[in-house]
Number of protein chains: 2
Amino acid sequence: MSGFRVEVRVMPRAALLDPQGQAVEHALHALGFGDVGRVRMGKHLVLELKAATREEALAQARAMCDRLLANPVTEDYDLVVDGDTSR
Amino acid sequence: MSGFRVEVRVMPRAALLDPQGQAVEHALHALGFGDVGRVRMGKHLVLELKAATREEALAQARAMCDRLLANPVTEDYDLVVDGDTSR
């Protein structure tokens, strides 16, 4: 068993409204940052994970996203295991 | 003026408690993911930004983080402009 560090980015789907991102966009405009266009806001998680191989770590992380970390209806996620990228 | 896409990752400082991360960690354990160690949870923002140069886009994004997006006492941030990485 080795230790892996998994980075997970969970973002609202492009087609959906993103009220958090819109609030940030309006606040930035109010602060004078007029050159900002669309803002999207999501979550970033960093997990420490024990697994036999990088592939197993990735599979486990994917299962966690599917079951808890991301809402499959409204969100998309990306995973990076220890510098290695995969969907 | 060109358009830039800025990715911002805002994470709780390593030395601080992260109640959101702890809640996710406990939920993952309860779901049977026993190999998960520490979980940290932060924000991920994607900004569309108009600027004359990449450097100006980066400087503007940094100012946004300092003034609104990150809490300087409790959070650290990383910026990536269109694939180019910087603190």
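Proteins get letters first, then strands, A, B, ... in listed order; numbering begins at 1 in each.
- By number of non-hydrogen pairs under 4.5 angstrom with chain A, the leading residue of R67(B), K50(B), Q60(B), E48(B) is E48(B).
- Of all non-hydrogen atoms in H44(B) and K43(A), the two that sit nearest each other are CB-O, 3.9 Å.
- The minimum heavy-atom distance between L69(B) and V24(A), with the atom names listed, is CD2-CG1, 3.5 Å.
- Heavy-atom pairs under 4.5 Å with chain A peak, among G34(B), G21(B), G42(B), at G42(B).
- A continuous path of Ile, Leu, Val, Met, Phe, Trp and Tyr side chains, each step under 4.5 Å between heavy atoms, connects L47(A) with L31(B), placing both in one hydrophobic cluster.
- In this structure, E7(B) and R9(A) have side chains that are in contact, with non-hydrogen atoms separated by less than 4.5 Å.
- Heavy-atom distances place both the backbone and the side chain of A63(B) under 4.5 Å from chain A.
- For the atom pair CG of L45(A) and CE of M11(B), the computed distance is 7.0 Å after rounding to the nearest 0.5 Å.
- Tracing side-chain contacts under 4.5 Å through hydrophobic residues (I, L, V, M, F, W, Y), one never reaches L68(A) starting from V46(A); they form parts of separate clusters.
- Heavy-atom distances place no part of A51(A) under 4.5 Å from chain B, backbone and side chain included.
- Heavy-atom pairs under 4.5 Å with chain A peak, among Q20(B), M41(B), E25(B), at M41(B).
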